[in-house]
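Comments concern the structure below.
To find a chain, count down the sequence lines: A is the first, B the second, and so on, and within it residues start at 1. Only heavy atoms go into these numbers, but all of them, side chains included; no hydrogens, no water, no symmetry mates.
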Amino acid sequence: MDDKFLTPYKPEDTEDRIYADWTESDFFNPDTCIEKGITSEEAETFSIVLPPPNVTGVLHMGHAAMIAVEDIIVRYERMKGKRTLWVPGTDHAAIATQSKVEKIIEKEGLNKQKMGRDAFIARVEKFASESHDTIVNQIKKLGASIDWSREAFTLDTERSLAVRTAFKSMYDDGLIYRGARIVNWDPKGQTTISDDEIVHEERKSTMYTFRYWKDFPIAISTTRPETKVGDVAVAVHPDDTRYGTFVGQTFSGEFCGVHLDIKIVADESVEKDFGTGALGVTPAHSQIDSEIAMRHKLPHKQVINEYAKMIVGDERILGKKVTDARTSIVEILRTEGLIEKEEEVSQNIATAERTGGIIEPLPKLQWWIDVEKEFAMKGDGIPGIAKGQQTTLKEIMKKAVANSAIIILPERFEKTYFQWVDNLRPWCISRQIWYGHRIPVWYKGDETYAGIDAPAGDGWEQDPDTLDTWFSSGLWTFSTLGWPDKNAKDLHDYHPTDLLETGYDILFFWVARMVLMSGYHLGTVPFRTVYLHGLVRDAKGKKMSKSIGNTIDPLDMIAKYGADATRLSLIIGAGPGSDMSLSEEKVRGYKKYTNKIWNIARFVLSSTNDVDTTKKPVLSSREEEILAEFNDVARYVDQHISEFKLHLAGEKLYDYTWHIFADVILEESKEALLSEDASVRAPRQWLLRYIWLELLKLQHPFIPFVTEEIWGSIPEGGQQLMVTKWPVDAMTK
RNA sequence: GCGCGAUUAGCUCAGUUGGUAGAGCAGCGCUUUUACACAGCGAAGGUCGCAGGUUCGAAUCCUGCAUCGCGCACCA
């Protein structure tokens with residue numbers, strides 16, 4: 001027995017060394033596994049892509065949980081003999097990364113305009129590269145058995161080609177178009193954002209009921225009086241008898257120094273019972289009003305600019321910020337006696353997720369993806385849509401899940417998914433930021449050219465905008481496997497991937513968009529199963545956040561208690577899709593467990609070193625009972641991992657190892673082990689050694705470091721535990 | 001407004017074909033017995049949110065309610 005077993009287990013002396021051994025043997029790479037006979041070219045494949053962490057800094061516990069779950073599954077599948085691939089990568093996270101760097105340079109007294117586009121991007125790239133290195137190191141610290149030789153970045157050369165190819169193809173099919181619509185404008189970030197990047201915040205505000213001018217026949221209600229200088233109509237419900245006589249008429253007058261022509265229109269979308277039952281229509285600054293305006297052929301009249309300042313009116317409002325203009329206009333209305341009612345209401349206002357800026361709806365020319373336009377299906381990987389059949393992106397997203405080509409776990413999230421798909425509107429993909437994939441469109445005079453590369457000839461100017469970061473991450477399952485080379489071996493072998501494991505918070509952002517992209521470009525699903533994990537919260541169930549100061553750094557936990565303990569604490573007690581709470585005490589508890597395993601190794605090694613493990617001796621009935629019980633545990637663990645119930649598998653192993661194997665079986669075996677009679681001693685030695693070795697294998701996916709370390713110190717070890725055959729198949733033969 | 005989830009021991013949570021409630025941590029008592037004090041043994045601790053229903057039997061299924069949390073939504 002190695003002397004190291006005489007002292008408590010020290011993860012800090014072990015884990016980096018073990019990871020280096022793994023890296024050296026290169027079994028994370030399935031090609032090496034084939035070469036070394038661990039698996040074969042013909043073996044069933046299992047593939048999974050790592051949801052690429054944003055290069056905005058460091059990993060948090062949520063990432064650690066994700067890596068733990070995925071690594072357990074990957075190690076399990078690899079030990080089962082599958083040709084297993086786990087692809088690593090990082091995401092450039094355009095807006096998030098750019099705004100992070102903007103904050104940093106602001107402290108240095110710089111801003112991006114001063115620096116210029118190229119210098120600024122260079123700065124962002126430097127930051128991204130440093131973040132990347134940190135993140136990679138963290139992933140390794142956690143013990144991820146991921147194939148680094150296939151690492152990808154959403155903004156590297158290969159992915160850039162994939163993005164431009166994807167854009168061009170969707171453009172040619174008419175799915176990507178440029179159009180003027182009301183966008184979600186973030187005045188703080190100076191960019192558009194998609195509907196999904198909006199966070200609604202409840203705030204108190206005042207609702208004013210007033211008339212535009214004295215003899216205007218209808219009073220309207222609004223919380224944003226400053227936008228009313230952009231009104232072109234008042235809409236009422238067609239059945240509303242109060243206003244029926246006015247419908248069709250136009251009233252003109254002056255409102256806060258602006259001349260308005262207000263047409264009274266009847267529209268089904270107006271609710272009779274809300275406010276006065278009449279809605280002031282501001283087409284340029286409200287999504288719904290814009291739609292009403294289009295139905296009634298009314299103009300869009302922009303009154304607010306990109307800096308959220310008024311661009312019409314007299315000196316009382318012109319050039320003022322919207323909030324100041326609101327105050328002024330209310331003042332004017334009061335003075336002129338036009339206000340009929342003021343009431344406190346709470347309302348949800350839209351803010352930008354990344355910058356916190358208050359969204360200002362504005363009419364702008366942007367690039368969009370039409371989710372309802374028909375095109376010919378490129379493949380037959382989605383049941384219900386044949387190859388060549390006309391379909392839409394929305395249809396693809398719907399059918400992929402409805403027809404079970406994709407299973408979402410926990411199942412309840414399917415409902416959420418469908419609700420999102422049903423409400424989906426055109427996806428705005430252009431962003432007015434510098435960091436990211438530049439839109440592959442060039443202009444010269446009235447000419448527009450969309451292509452993978454710049455057009456030949458002089459005078460072409462590329463569109464200054466970049467793409468929504470989710471456009472490139474939507475391609476992730478196949479852009480990492482060699483696409484757009486349709487003959488790429490990895491693409492052929494490993495796509496669709498088997499599993500997509502991620503947090504439920506990015507179901508729409510990312511999961512749905514991968515379904516869209518894979519469905520369109522390949523005509524198939526990007527993955528078979530989606531497993532959604534919960535968020536990691538603190539011991540009191542609060543969301544971890546830097547501002548509250550309740551974050552727990554995975555690296556700290558690894559340094560103090562080891563990666564194995566950290567992993568277990570993120571798995572056990574956390575059911576699929578539900579949030580988990582984490583405390584340092586919990587991690588410490590599992591550190592004790594790894595030490596327990598260490599001590600079990602010491603005991604079994606020292607008391608069974610002379611056993612012949614090659615053939616099973618005749619066992620007593622009690623020993624057969626113990627063996628049968630262990631086999632039940634092994635089957636339970638196997639089944640629950642295969643069903644993604646890692647928390648149950650992990651808990652069972654913990655409970656069995658400690659409270660059955662150690663507390664009961666080892667204790668009761670002491671007598672037999674000390675027996676002079678070899679016919680009493682030997683079968684018991686064999687039994688203990690057998691179960692112990694099998695337990696090491698079963699536990700390896702959960703706690704890879706300590707089990708590999710022990711495995712390396714025993715004669716039976718041979719090749720690394722990570723590529724040793726999983727017990728259950730052999731057992732059930 | 002629509003939808004989803006949670007409500008189990010002091011704390012954090014498991015408990016998916018319905019069959020006499022479980023773990024970790026905290027706390028109590030004992031044990032330094034040659035694997036382990038990062039330990040062992042033992043005791044204690046719960047009307048499983050509330051009210052009904054189905055059933056021989058419900059934490060588990062159904063209905064309603066309450067509280068908390070989350071998601072979605074163009075109510076001006």
Side-chain angles (χ1 to χ4, degrees), chain A residues 1 5-10 182 195-196 198-200 207-209 220-224 227-228 231 234-235 269-282 285-292 345 347-348 350 361 410-420 422-423 425 504-505 507-508 534-535 537-543 561-562 565 568-569 572-607 643 645 647-648 650-652 654-655 658-659 662-663 666-667 669-670 673-674:
Chain A
M1 188 177 70
F5 288 109
L6 297 177
T7 54
Y9 176 57
K10 293 194 193 72
I182 302 297
D195 295 343
D196 299 289
I198 289 178
V199 180
H200 291 280
M207 173 127 76
Y208 303 93
T209 301
I220 57 161
S221 301
T222 185
T223 52
R224 296 199 58 192
T227 64
K228 298 287 112 181
D231 281 13
V234 165
S269 67
V270 181
E271 295 214 14
K272 280 189 283 189
D273 300 330
F274 189 88
T276 60
L279 164 67
V281 181
T282 321
H285 300 288
S286 155
Q287 191 79 240
I288 182 173
D289 291 8
S290 170
E291 284 164 22
I292 294 174
V345 293
Q347 64 164 10
N348 286 329
E411 214 176 325
R412 61 185 148 90
F413 283 105
E414 290 193 355
K415 208 163 184 174
T416 320
Y417 175 87
F418 287 128
Q419 189 188 336
W420 179 82
D422 288 340
N423 285 322
R425 292 185 298 170
Y504 64 75
D505 53 331
L507 179 60
F508 311 135
L535 307 176
R537 296 172 180 277
D538 73 5
K540 291 182 181 128
K542 284 221 176 76
K543 198 167 177 173
Y561 308 111
L568 267 191
S569 70
I572 297 181
S578 43
D579 295 350
M580 65 194 99
S581 60
L582 182 71
S583 59
E584 184 163 346
E585 285 65 41
K586 193 172 174 186
V587 186
R588 190 186 300 129
Y590 290 112
K591 164 62 174 60
K592 292 181 182 176
Y593 178 60
T594 56
N595 193 58
K596 185 75 183 179
I597 287 172
W598 193 248
N599 284 309
I600 289 171
R602 182 197 309 180
F603 180 79
V604 177
L605 279 170
S606 64
S607 58
E643 292 169 1
K645 292 171 185 166
H647 61 306
L648 298 182
E651 194 175 17
K652 176 64 93 180
Y654 178 95
D655 187 55
W658 200 320
H659 300 299
D663 291 350
L666 292 189
E667 287 304 324
S669 299
K670 283 178 179 172
L673 293 172
L674 292 171

* To do: Tell whether A:Gln287 reaches the base of B:A73 with its side chain through a donor-acceptor pair below 3.5 angstrom.
  => no

* Between B:G5 (C1') and A:Leu535 (CG): distance, integer Å -> 13 Å

* Asked: Where each residue is assigned the nucleotide of RNA chain B containing its nearest heavy atom, which of A:Phe274 and A:Gln419 is assigned the position nearer the 5′ end?
  -> A:Gln419

* Rounded to whole angstrom, note down the P distance from B:G42 over to B:A6. => 35 Å

* Return yes if the base of B:C38 and the side-chain atoms of A:Lys596 contain a donor-acceptor N/O pair under 3.5 Å, otherwise no. => no

* Could you state the OH-P distance from A:Tyr593 to B:C25, rounded to the nearest angstrom? -> 13 Å

* Please state the P separation for the pair B:C25 and B:A39 - nearest whole angstrom. => 8 Å

* Can a side chain N or O of A:Lys415 be found less than 4.0 Å away from OP1 or OP2 on B:C4? -> yes

* Asked: If only side-chain N and O atoms of A:Trp658 are considered, is one of them under 4.0 Å from the OP1 or OP2 phosphate oxygen of B:G40?
  -> yes

* Asked: Does the side chain of A:His647 get closer than 4.0 angstrom to OP1 or OP2 of B:C13 through an N or O atom?
  -> no

* Within 45° of the ring axis of A:Tyr9 and under 6.0 Å from its six-membered ring centre, is that where the NZ or CZ of A:Lys592 lies? -> no

* Asked: Which value, in whole Å, describes the distance between the C1' atoms of nucleotides B:G64 and B:G24?
  -> 36 Å

* Asked: A:His659 side chain N/O closer than 4.0 Å to the phosphate oxygens (OP1, OP2) of B:G24?
  -> yes

* Asked: With A:Tyr590, which of A:Tyr654, A:Tyr561, A:Trp658 fulfils ring-ring contact (aromatic ring centres under 6.0 Å, His included)?
  -> A:Tyr654

* Has A:Lys670 got a side-chain N or O lying under 4.0 Å from the OP1 or OP2 atom of B:A35? -> yes

* Between B:C13 and B:U17, how far apart are the C1' atoms? Round to whole Å, please. => 24 Å

* Quick one: which of B:C72, B:C75, B:A35 gets closest to the side chain of A:Glu271? -> B:C75

* Asked: Quick one: is B:A76 close enough that its OP1 or OP2 comes under 4.0 Å of any side-chain N or O from A:Gln347?
  -> yes

* **Separation between the P atoms of B:A43 and B:C4, rounded to whole Å** => 45 Å

